[in-house]
Enquirer: 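Below you'll find the structure I mean.
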Amino acid sequence: MTCVIVGETDGIAPFQARFPQARHLSATEQPVWHAEPERLWVQSEEQVGTVPFARLVVVGEAALLCAALGCQMGRAGPLTDANHQTSRRGIFFLPGRPDEAAVERIAITIAHDLPPFVEREPPGPVGAVARLEPLAVAMVLGQPETTARDAELLGQVALTGPIAFCAPVKLAALAAIGAERPAPYPIQMDQEGA
Amino acid sequence: MSQDTELIVIGGGLQGLSTAFWAARAGLRVTVVEKSMPGRHASGFSAGGVRTLGRALPEIPLALAALDLWYDLPTLLDDDGGFVPSAQVRIAENDADMRSLRERVAVTDALGWTHEVLLDEAEVKTLLPAVAPHVVGGLVCRRDGFADPMRTTRAFLRAATRAGAVVRVGAGVAGLERVQGGWRVTLEDGSHLGAPRIVNAAGAWGRRIARMVGDDFPLGFNALMMMFTAPLPPFITQVALATGRPLSFKQVASGHVMIGGGPKGVADLDTGLTTLDVTRLAASARTALELFPVLKDVAILHAWAGIEAIMPDEIPVIGRSSRAEGIVHLCGFSGHGFALSPLTGRIAADLVLGRESPYPIEAFSPDRFVPGVDTDRPSGTMLQPAG
């Protein structure tokens with residue numbers, strides 16, 4: 001079972017001893033720029049690549065990453081239970097550097113594969129958030145990552161679903177894994193009412 | 001049953017709102033029912049290309065007439081939709097691409113259309129100084145451009161409302177039933193609405209609506225993906241497209257570069273959500289970088305996908321139902337309906353008013369896939385390569 005721990009260096013440090021087999025991804029050295037179920041997309045200088053995971057611990061400002069993974073989001077970020085588990089089984093979130101007790105709770109939850117117990121927040125005021133068009137979203141994503149910026153983006157997540165990317169990715173690094181002419185993706189067909 | 005309104009438009013995207021605008025302007029009492037919010041899907045996530053270049057042959061008369069409406073949009077809507085007349089250029093990367101462009105022009109010239117003009121290598125490199133050295137020519141439509149999809153959607157919404165249309169949001173359609181004098185629409189909240197006429201402008205959900213009235217056509221869907229880079233100093237004012245591989249490319253006034261043109265993710269009609277396919281975005285990034293090396297150091301900030309209705313022949317469904325009286329279908333634009341929308345809404349309004357379209361729309365018949373009907377694609381359509 002691959003366990004991956006993501007965050008700023010001092011945030012993920014407390015996990016080093018308790019999770020020696022885990023892969024530790026420092027936000028400064030190997031930033032995660034996109035996330036999909038069971039894999040993260042990271043960037044090196046030359047090209048992008050994936051890191052698979054079965055269990056994931058996210059430490060620090062990572063609202064977009066958790067949203068991309070389908071975790072239920074509150075107004076302030078991912079919703080978690082007492083074990084710091086998000087609504088997605090096996091995905092944990094801590095807003096800042098964890099203490100020893102938090103690390104231990106996560107370790108026990110992973111060891112016993114406990115299910116999440118996340119309660120939904122009551123919905124916020126309807127109509128409070130205006131839909132941003134893609135260029136405006138890009139402009140917000142281009143701003144430094146702050147709580148206020150992420151709150152604005154989470155408003156869009158509530159309207160239209162996850163926002164990509166979690167962090168900027170170098171076009172040339174992405175292009176480096178691109179096929180010249182991938183086979184066309186087929187038209188999807190709707191079976192409802194057929 | 002009593003009729004609450006004279007026309008119900010199903011779908012509050014650009015096609016539906018344009019229809020509502022034209023129909024309300026013609027004096028009909030119009031109600032638009034929108035499952036989510038105006039422009040939630042394809043209209044809000046469109047690349048915003050206003051393109052006559054490379055259109056399927058049956059679309060050319062519509063695209064040319066729609067382009068005139070884009071230039072008149074401020075008069076029509078009190079808003080230009082962010083339209084920027086910039087030209088669109090299809091780039092030939094090799095001799096095979098150039099041959100296909102020449103063949104295309106031979107076909108359009110023979111039919112009397114002169115809006116597409118061939119460019120040799122020197123001409124295309126003068127027009128696009130940042131293009132890669134391997135480019136050998138191109139095809140340009142100088143009056144084409146691009147616009148702001150959400151701004152255009154909101155402009156049609158405001159104009160339709162000013163003309164008297166009522167737009168109901170959060171009003172998904174659960175059923176359609178033929179009743180005396182028209183149609184009874186059951187909304188997802190259990191309420192009902194009646195009208196003698198219905199326009200199906202439900203986009204990727206258009207087949208579900210068609211089936212409710214006894215029609216069917218092979219309307220599928222895809223999640224068309226796009227990206228925005230971080231801003232760069234100005235290097236291109238035109239919209240550039242590739243010929244042999246999927247790419248649509250433009251730089252907006254803020255300096256951000258939009259890259260799209262056909263790479264597909266995965267769409268889910270039931271949730272309305274999309275999933276990006278990073279490997280296909282990577283192919284798109286590669287094409288963009290190979291054609292515009294100026295991108296070598298830029299970062300991508302944002303990627304997204306909108307759910308587009310796609311027909312097998314990649315041209316829309318526009319026409320009256322031959323089985324269900326009072327029903328007009330307007331959907332299946334296959335990723336390039338944005339530019340047509342000012343006109344196609346007008347055509348749909350004409351059809352519900354009992355008028356004939358002044359533009360040829362036989363090729364868009366809802367019945368064209370009925371067995372026995374010739375479904376061959378006209379030659380020289382030069383569709384965007386799929387991704």
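Below, read A as the first sequence line, B as the second, and so on, with proteins coming before strands; counting in each chain starts at 1.
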Enquirer: Rounded to the nearest 0.5 Å, how far does CD1 of B:Ile300 lie from CZ of A:Phe165?
Expert: 6.0 Å
Enquirer: As an exercise, state the distance from CD of A:Glu133 to OG1 of B:Thr152, rounded to the nearest 0.5 Å.
Expert: 10.5 Å
Enquirer: By a 4.5 Å heavy-atom criterion (distance strictly below it), what part of A:Glu36 contacts chain B: side chain, backbone, both, or neither?
Expert: side chain
Enquirer: Sort B:Met37 into side chain, backbone, both or neither according to what part of it lies under 4.5 angstrom from a heavy atom of chain A.
Expert: side chain
Enquirer: Just wondering, more than 12 heavy atoms not from A:Glu104 lying within 6.0 Å of its CD?
Expert: yes
Enquirer: Chain A: which of B:Val278, B:Val298, B:Leu219 shares the most heavy-atom pairs with it under 4.5 Å?
Expert: B:Val278
Enquirer: Please report the closest heavy-atom contact between B:Arg207 and A:Met189, naming both atoms and the distance.
Expert: NH1-CE, 3.3 Å
Enquirer: Tell me, with the steps shown, if B:Phe228 and A:Leu135 meet side-chain contact (heavy atoms from CB on, under 4.5 Å).
Expert: CA-CA 7 Å; B:Phe228 256 125; A:Leu135 176 61; 3.7 Å; yes
Enquirer: Only pairs of heavy atoms separated by less than 4.5 Å count here; which of B:Thr287, B:Leu276, B:Thr279, B:Thr275 has the most with chain A?
Expert: B:Leu276
Enquirer: Below 4.5 Å, heavy-atom pairs only: which of A:Thr50, A:Val137, A:Val140 has the largest tally toward chain B?
Expert: A:Val137
Enquirer: Donor-acceptor pair, distance only, cut-off 3.5 Å: does the side chain of B:His302 make one with the backbone of A:Ala164?
Expert: yes
Enquirer: B:Val252 versus chain A, heavy atoms under 4.5 Å apart: side chain, backbone, both or neither?
Expert: side chain
Enquirer: Has the side chain of A:Asp190 got a donor or acceptor atom that lies under 3.5 Å from a matching backbone atom of B:Trp205?
Expert: no
Enquirer: Above 12 or not: heavy atoms from other molecules or residues under 6.0 Å from CD of A:Glu180?
Expert: yes
Enquirer: Less than 4.5 Å to any heavy atom of chain A: does that hold for the side chain of B:Ile259, its backbone, both, or neither?
Expert: side chain
Enquirer: Decide side-chain contact (heavy atoms from CB on, under 4.5 Å) for B:Val266 and A:Tyr185; before the verdict, give the C-alpha distance in whole Å, the side-chain angles of both, and the deciding distance to 0.1 Å.
Expert: CA-CA 9 Å; B:Val266 180; A:Tyr185 190 85; 3.3 Å; yes
Enquirer: Work out which heavy atom in B:Asn222 is nearest to a heavy atom in A:Pro186; give both atom names and the distance.
Expert: ND2-O, 3.0 Å
Enquirer: Is any side-chain heavy atom of B:Ser254 closer than 4.5 Å to one of A:Met139?
Expert: yes
Enquirer: Would you confirm whether A:Gln188, through its side chain, and B:Ala267, through its main-chain N or O, come within 3.5 Å as a donor-acceptor pair?
Expert: yes
Enquirer: Can you tell me which portion of B:Phe221 sits under 4.5 Å from chain A's heavy atoms? Options are side chain, backbone, both or neither.
Expert: both
Enquirer: Heavy atoms only, distances under 4.5 angstrom: which of B:Arg151, B:Lys296, B:Arg208, B:His41 has the most pairs with chain A? Name it, please.
Expert: B:Arg208
Enquirer: Shortest non-hydrogen contact from B:Arg40 to A:Thr160?
Expert: NH2-O, 3.3 Å
Enquirer: Please state whether the side chain, the backbone, both or neither of A:Arg181 comes within less than 4.5 Å of a heavy atom of chain B.
Expert: side chain
Enquirer: Test side-chain contact (heavy atoms from CB on, under 4.5 Å) on B:Met227 and A:Leu174; report intermediate values, then the result.
Expert: CA-CA 12 Å; B:Met227 299 180 277; A:Leu174 180 60; 4.2 Å; yes
Enquirer: Using heavy-atom distances under 4.5 Å, tell me whether B:Asp270 contacts chain A through its side chain, its backbone, both, or neither.
Expert: side chain
Enquirer: I'd like to know which of B:Ala283, B:Ala303, B:Ala282, B:Ala299 tops the heavy-atom pair count under 4.5 Å against chain A.
Expert: B:Ala282
Enquirer: Considering only heavy atoms, which portion of B:Met258 lies under 4.5 Å from any heavy atom of chain A: side chain, backbone, both, or neither?
Expert: neither
Enquirer: Between B:Ile310 and chain A, with a heavy-atom cut-off of 4.5 Å, which part of the residue counts as in contact: side chain, backbone, both or neither?
Expert: both
Enquirer: Might you point out which heavy atoms bring A:Gly161 and B:Leu273 nearest each other, and give the distance in Å?
Expert: CA-CD2, 3.9 Å
Enquirer: Closest heavy-atom contact between A:Ile187 and B:Gly220?
Expert: CG2-CA, 3.7 Å
Enquirer: Of the backbone (N, CA, C, O) and the side chain (C-beta and beyond), which part of B:Leu269 lies under 4.5 Å from a heavy atom of chain A, both, or neither?
Expert: side chain
Enquirer: Roughly how far, to the nearest 0.5 Å, is CG of B:Leu281 from CG of A:Leu171?
Expert: 10.5 Å
Enquirer: Closest approach of A:Pro182 and B:Arg280, non-hydrogen atoms and distance?
Expert: CB-NH1, 4.1 Å
